[in-house]
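Below is one structure, written out as structure tokens; comments come after it.
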Protein chains: 2
Amino acid sequence: MTAPEPPVPSTARHGRLSYAVFQLARAHRGQGAAILRELDLHPGQELLLMQLFDQDGLTQSELLGCVGLDHSTVSKSLRRMQDAGLLTREPAEHDRRVMVVRLTDKGRALREPIARMWRELEETSARDLTDEEIDTFVRLAHRITASLTTRA
Amino acid sequence: MTAPEPPVPSTARHGRLSYAVFQLARAHRGQGAAILRELDLHPGQELLLMQLFDQDGLTQSELLGCVGLDHSTVSKSLRRMQDAGLLTREPAEHDRRVMVVRLTDKGRALREPIARMWRELEETSARDLTDEEIDTFVRLAHRITASLTTRA
DNA sequence: AGCAATTACTTGGCCAGCCACATAACCGTG
DNA sequence: CACGGTTATGTGGCTGGCCAAGTAATTGCT
């Protein structure tokens with residue numbers, strides 16, 4: 001019972017690249033979400049945690065710059081993670097506007113599980129590709145990303 | 001004023017491919033959303049419309065199979081598009097469970113604008129790539145997608 | 001010093017997307 | 001023909017994500 005082979009809409013015929021990105025993104029996100037659910041995390045949260053693994057005590061806006069999302073998204077997401085006991089947020093000493101984000105022990109404990117999930121996702125994604133093909137893909141993906149982000 | 005070059009978290013060092021997909025997906029989606037907003041559409045809606053451009057009068061579940069989303073997502077999305085006057089939904093004759101979805105004139109009128117937006121997105125994405133590189137990328141992307149979707 | 005920008009963050013509102021549950025209509029078997 | 005199972009869809013509830021508007025603290029300029 002393979003998937004019913006979703007037909008490519010004719011309107012997308014002249015957008016092969018975009019359509020491929022679309023499908024890939026959905027599959028990748030879906031797979032990632034499935035693995036994350038086992039850790040009681042939601043997609044996106046792991047990215048914030050990963051930044052904190054590298055450097056704890058970041059400011060909310062520093063965090064923002066790392067992940068490149070909207071500030072309101074990060075704000076709400078952090079709040080939920082705080083409620084879940086993964087991190088704390090306290091106003092900074094020198095500037096009481098900024099919120100310093102710190103991992104709790106419970107948050108730090110997710111480091112290895114997240115790394116494992118990340119490896120698992122990578123393994124599944126790259127299952128049928130040679131190292132060279134992975135390299136090619138990553139390079140092209142970066143160039144496309146650059147084209148999309150520069151010159152808004 | 002280029003982006004501050006978001007640092008790759010060390011946890012993702014062994015997930016280059018996944019991280020690249022991640023970034024690409026976000027950039028691509030963001031760019032697409034920006035263009036769609038000009039048409040008063042939200043990301044995802046254009047995919048449903050495109051399927052209807054190809055074949056009007058599809059059943060909601062046929063539509064579902066094409067886009068591969070959750071049925072509740074499609075249900076709500078169609079309802080909003082119905083409220084926006086882009087399509088109609090009526091129970092089928094032979095089976096009063098199924099809802100037949102049909103474009104209105106207003107919905108049909110979006111065909112060219114959507115095609116244009118699709119071309120624009122494609123052009124931006126592929127701006128710095130040769131035809132051969134696009135081809136390579138699309139092929140690799142499809143293989144990765146296949147790896148992610150088969151063997152759930 | 002004082003008052004306007006700027007910065008950091010929060011909140012509300014909206015839509016996409018998922019899961020889980022509920023409902024209605026059809027189908028098949030005893 | 002009645003009843004359980006399946007199918008098609010709807011709804012509630014949660015999160016991610018965006019924009020826009022609001023608040024609070026700091027900076028800058030006069």
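First the proteins, then the strands, lettered A, B, ... as listed; each starts at 1.
The side chain to side chain donor-acceptor pair (under 3.5 Å) check on A:Arg79 picks up A:Asp83, with sequence neighbours excluded. Residues passing the side chain to side chain contact (heavy atoms under 4.5 Å, CB included) test with B:Arg29 are B:Pro43, sequence neighbours excluded. A:Ser125 pairs by the side chain to side chain donor-acceptor pair (under 3.5 Å) definition with nothing, not counting sequence neighbours. Contacts of A:Asp95 classified as salt bridge (charged side-chain N to carboxylate O under 4.0 Å, His left out), with partners at least two apart in sequence or in another chain: A:Arg97. By the side chain to side chain contact (heavy atoms under 4.5 Å, CB included) test, B:Gln82 pairs with B:Leu87, B:Arg89, sequence neighbours left out. Shown here are the side chain to side chain donor-acceptor pair (under 3.5 Å) partners of B:Ser10, two or more places apart in sequence or in another chain: A:Asp54.
Within the nucleic acid shown, B:Ser72 comes within 4.0 Å of at least one base atom, counting heavy atoms only. Residue contacts shown for B:Ser61 are limited to sugar-phosphate atoms, with no base heavy atom under 4.0 Å away.
Taking atom CG of residue A:Leu63 and atom P of nucleotide C:dC9, one finds them 10 Å apart after rounding to whole Å.
Here A:Arg139 contributes atom CZ and A:Arg143 contributes atom CZ; the two are 9.0 Å apart, rounded to the nearest 0.5 Å. To the nearest 0.5 angstrom, B:Asp105 atom CG is 11.5 Å from B:Leu86 atom CG. Distance check, rounded to the nearest 0.5 Å: CD of B:Glu132 to CG of B:Leu129 gives 11.0 Å. Taking NE2 of A:His28 as the reference point, atom CG of A:Leu121 lies at 4.0 Å (rounded to 0.5 Å). Separating the OG1 atom in A:Thr149 from the NE2 atom in A:His142 is a distance of 10.5 Å, to the nearest 0.5 Å. Atoms CD1 and CD1, on A:Ile114 and A:Ile35 in that order, are 12.0 Å from each other to the nearest 0.5 Å.
If you run side chain to side chain contact (heavy atoms under 4.5 Å, CB included) between A:Arg102 and each of A:Leu58, A:Leu52, A:Thr88, only A:Thr88 comes through.
For the contact set between residues 39-48 of chain B and DNA chain C, defined by any heavy atom under 4.0 Å, the members are B:His42, B:Pro43, B:Gln45. Using a 4.0 Å cut-off on heavy atoms, none of the residues of residues 116-123 of chain B approach DNA chain C. Within residues 75-87 of chain A, the residues having any heavy atom under 4.0 Å from DNA chain C are, by residue number, A:Ser75, A:Lys76. The stretch residues 88-112 of chain A comes close to DNA chain C through A:Arg89, A:Arg97, A:Val98, A:Met99, each having a heavy atom under 4.0 Å from the strand.
A 4.0 Å heavy-atom criterion places the boundary nucleotides of DNA chain D facing chain A at D:dT15 to D:dT26, written 5' to 3'.
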Side-chain polar contacts of residues 61-71 of chain A - donor-acceptor pairs under 3.5 angstrom, sequence neighbours left out - could you list them?
{"residue": "A:Glu62", "atom": "OE1", "partner": "A:Thr59", "partner atom": "N", "Å": "2.8"}
{"residue": "A:Asp70", "atom": "OD2", "partner": "A:Ser72", "partner atom": "N", "Å": "3.0"}
{"residue": "A:Asp70", "atom": "OD2", "partner": "A:Ser72", "partner atom": "OG", "Å": "2.6"}

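When each of A:Arg37 and A:His71 is assigned the nucleotide of DNA chain C with its nearest heavy atom, A:His71 is the one assigned upstream, toward the 5' end.
Under the 4.5 Å side-chain contact rule for hydrophobic residues, B:Phe22 and A:Met117 share a cluster.
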